[in-house]
Amino acid sequence: MAFIMEGLDAESYDRKYTDRELVNRITTYFAPEKRRILAVTGMVIANSLFDAALPLLVATGLDRIIEANNEVHAEIWLLIALIALVAVLSFSANFVRVATSAKIVGNIVLKLRLDAIQAVLKRDMSFFDEHSSGRIVSRVTSDTNDFSNTITLVVSLFSQLLMLTVVTAVLFTRNVQLTLIVLVLVPLIVAVALAFRKVARDVTVKAQRAQGEVNGMIQETMRGISVAKSYRQEATIFREFEDVSDRTYRVRLKQNLIFSGIFPLLFGIAGIGTTALVWIGGNKVVDGDISAGDWFLFLQAVGLFWFPLTSIASFWSQFQQGLSAAERVFALLDAEAVVQQTADEAVPHLSGKIEFRDVTFAYDGEHPVLEHFNLTIAPGETIALVGHTGAGKSTLGRLISRFYEFQAGEILIDGHDIRTFNLQSYRRQLGIVPQLPFLFSGTVADNIRYALPDATDDQVTFAASHIGEGDWVDALQDGLATEIGEEGRGLSMGQRQLVALARVLIQDPSIIILDEATASVDPLTEAQIQEGLDTVMAGRTSIVIAHRLSTIREVDRIIVLDHGKIVEQGSHVALMQAGGRYADLYNTFFRHQNPDYKPGEGFVAVKSGPVEANGMAGAPTPA
C-alpha cells in the first residue's frame, strides 16, 4: 500500500514527539479547567457507583423473589423503587458529566486554536512561500478539532478505570473463582490493543496529511477559479481533485479498517471469558455453591467489565488520532522563526535613511540573490528599482520590510541595525503597496481604516479625498460605505489600488515600498493613481519597483539592478544619455509608454564621477 502514501510527506517544520512529551504538553491545556475537571470527576464517580449498583440491586431482588417462592412482598416493591431511583440518578450524573466535559473540550480546543493562529501570524513571509496555505489551514481547523478526541478519551479513560475498580471489588466479594476467570484474559486484551498503537499512529498521521492536501487544493482552486474558467480547465481541476480525493479515500479506508478491526478481535477474546462464566457459573448454581442472583450478577457485571476493559485496551490505538493531531499542531507552534531579532527596541519616528552594508541574501540559503550588496538611500529620497525579472528588485523591499532574514552584512535604518527593532513598532512606519493589493470583505472605509483601526470617519474621508482628488469615491455606488467582496471583488483593479493608497496614507508611514501600482490599469486611472502616489510619497523615503515610465521619470534616482548587483544609477536623463543598461531597458520595455518621445529630446549634459554602490565607479550622474 506504499503508493497510497505517495505525496503525503511531512512538512519541513514537522518533528517527532514522544507520547510522554505530547501527554505532558496536552496536560498544560487542562490546568485552567481544574474546577470543571473536579466536577466531572465527581460525576464520573457517582455514575460509576450507580451503574455498579444496578446489577447488584437486580441480583438481590432476584434472590429475594426466589426465596419468597415468587410471592411479591413490600420489600420487592421497595427494591424496584430503588432500581428506578438509581437509574434516574445515573442518568443525571452522566448528563452533567457529558455537559461539563463538552465545556472543557470546547475551552481547550479554543485555546489550542488561538495558539495555532497566533503562531501562524508570527511566521515569516518565507514560511508562507514554502508551505501550502491549505495545509496550514488544515492544522488550525481540522487538526485542532481532532485534538478534541484526545480530551474526550482522557475523560472516558478515567471513567472506565473507575468503573473497572468498582465492578472488580463487587465481584470479588461475591465469588473469587469467577472473578479470576474474568481477570485472566485482561493481559491478553491489553497486549493485542497495544500492538495496534504504532500502525494506528502512522496511518493517522498520513490521513491528516491527506486531508491537508484536499484542503489546500480546494483553497487554491477557489482563489484561481477565474483563471481556470478563462482557460477552460474545469475538467482538469476535477481530475486532479478526483486523484487527491481518491488517495485520501484510500488512506482513510486503511485507517478505518485498522480502527474497526481491533474491536471485533477484542470482543472475540472477551466472548471466550463470557462463555466460561456461563458454563462454570451455571454449574455452581446447580451445585448450590452460588445463588442464582450472584450468577446473574456476574453475567450482568461482565458486560460492565468487558466494555470498559476493551475501551481501555484500545485506548492507545484510538488515542493516536488525537496525539497525531496534537503533534501536527504543536509542530506548527514550535516552528522556528527564520527572521531573528537581536533586540526589541522601540522605534522612534524615522527620518527614513536606509543603508545596505555588504548584504548577502539567498532565499534557499544556497543561491545568493544579493551578494556583498551596498546601497544608501537618503531620508526623503525617492528611488526606482529597475531590471529584468530576478534582478533582485522585490528582494530589497522584502528585506527592508524584514520579511526575510539576510545571511550576512547589515541593514541600517537611521543608523540603527534593523535586527534590533521591535518589528511591530517598526512596521507601523512602513507603507507597503503591492502590485496586486489585497482588500478584505467589508466596506471601502473598513479597508482604508485597516492600517489604523482607531481612525475616525473624518480621518478616513480625509485620506480618501487626498488620493486622486477623491473623484474615485464619487464613482462608488455608496461612496466609502460601498460593500466589497473577498479580495476586493466588486471594484476594478484601479479602484483597489486607490483604496490601497488611501490605506497607506492614513497610516502616515516614514518609508514607502511600492511595487508599481500603475502596472495594470488604464491611462485615466493611472493619472488618478499617479496623483495619489505624489501625495503618499511626498516627504517620505520611497522605494518604487518600477514598471511604468511615468513613475520612473519622476524619481530622484534610478537604480539599475542585474543579478543582485547595481550596474547603473542616476536620473532618467543621465542614464539615457549614457547609453548603457538602463537605455537598453528603456528602449525595450518603457519607450512604448511615451509615444511622443523622440531620440535625443529632453536630455541635458551629464558629468561622470564615482558612485558609492557596490564599489562601482565611473557611472554617470545627473548634471
Side-chain angles (χ1 to χ4, degrees), residues 10-15 17 21-22 25-33 102-152 205 207-223 321-341 344 401-405 422-428 432 434 438-442 446-447 449-454 485-487 503:
E11 301 285 5
S12 60
Y13 60 88
D14 274 328
R15 59 184 68 185
Y17 301 86
E21 290 173 330
L22 289 173
R25 192 159 179 180
I26 289 170
T27 302
T28 63
Y29 282 87
F30 282 82
E33 301 295 323
K103 184 71 174 178
I104 294 172
V105 170
N107 288 343
I108 292 176
V109 171
L110 175 62
K111 177 64 168 61
L112 183 65
R113 189 165 289 178
L114 291 175
D115 287 350
I117 195 65
Q118 188 176 49
V120 170
L121 294 174
K122 288 180 178 178
R123 297 285 81 86
D124 311 314
M125 286 300 298
S126 56
F127 181 85
F128 300 98
D129 289 342
E130 181 180 352
H131 303 292
S132 162
S133 58
R135 291 186 178 186
I136 297 171
V137 169
S138 181
R139 297 201 184 208
V140 177
T141 55
S142 300
D143 289 340
T144 54
N145 189 59
D146 287 344
F147 174 71
S148 65
N149 294 336
T150 305
I151 306 168
T152 303
V205 169
Q208 288 161 337
R209 289 177 187 165
Q211 187 61 49
E213 286 285 326
V214 172
N215 292 345
M217 185 171 184
I218 291 174
Q219 186 171 28
E220 183 178 22
T221 299
M222 294 302 101
R223 291 178 65 89
Q321 183 166 352
L323 289 182
S324 299
E327 185 174 59
R328 284 165 51 82
V329 176
F330 292 150
L332 180 63
L333 297 181
D334 296 340
E336 295 182 2
V338 177
V339 174
Q340 297 286 346
Q341 296 300 95
D344 192 39
S401 303
R402 204 74 182 107
F403 289 155
Y404 293 84
E405 184 66 75
N422 173 280
L423 282 182
Q424 187 174 7
S425 177
Y426 170 60
R427 285 175 180 155
R428 285 198 186 101
I432 303 173
F438 186 94
L439 301 184
F440 298 91
S441 57
D446 291 338
N447 276 276
R449 189 181 281 112
Y450 191 80
L452 190 66
D454 296 332
E486 183 182 3
E487 298 186 23
R503 185 163 61 192

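Just the heavy atoms: all of them, side chains too, but no hydrogens, waters or symmetry mates, feed the values below.
- To the nearest 0.5 Å, the span separating CG on Leu452 from CG on Asp454 amounts to 6.5 Å.
- Here the straight-line distance linking atom CG of Leu423 with atom CD of Gln341 works out to 4.0 Å at 0.5 Å rounding.
- For Glu405 (side chain) and Gln340 (main-chain N/O), a donor-acceptor pair under 3.5 Å exists by modelled atom type.
- If you take CG on Leu110 and OH on Tyr29, they are separated by 11.0 Å, rounding to the nearest 0.5 Å.
- A cation-pi arrangement is absent between Arg402 and Tyr426 under the rule of less than 6.0 angstrom and at most 45 degrees off the ring axis.
- Sparse packing is recorded around OH of Tyr450, with 12 or fewer heavy atoms of other residues, nucleotides or ligands lying under 6.0 Å away.
- The heavy-atom pair separating Leu114 from Ile117 by the smallest distance is O-CG2, 3.2 Å.
- Here CG of Leu333 is found 5.5 Å from CZ of Arg25. Values are rounded to the nearest 0.5 Å.
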Inset, instruction - Start with the C-alpha gap between Asp143 and Phe330, add the side-chain angles, then the distance that decides, and say whether side-chain contact (heavy atoms from CB on, under 4.5 Å) holds. - result: CA-CA 10 Å; Asp143 289 340; Phe330 292 150; over 6 Å; no
Legend entry - Ile432 and Arg427: CA distance, side-chain angles, deciding distance, side-chain contact (heavy atoms from CB on, under 4.5 Å) verdict: CA-CA 9 Å; Ile432 303 173; Arg427 285 175 180 155; over 6 Å; no
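- Proximity of a side-chain donor or acceptor of Asn447 to a complementary backbone N or O of Phe440 within less than 3.5 Å is detected.
- For the atom pair CG (Leu112) and CD1 (Ile26), the distance works out to 9.0 Å, reported to the nearest 0.5 Å.
- For the pair Val329/Asp115, no side-chain contact is recorded, criterion being any heavy-atom separation below 4.5 Å from C-beta on.
- Atom CZ of Arg139 sits about 15.0 Å away from atom CZ of Arg113, to the nearest 0.5 Å.
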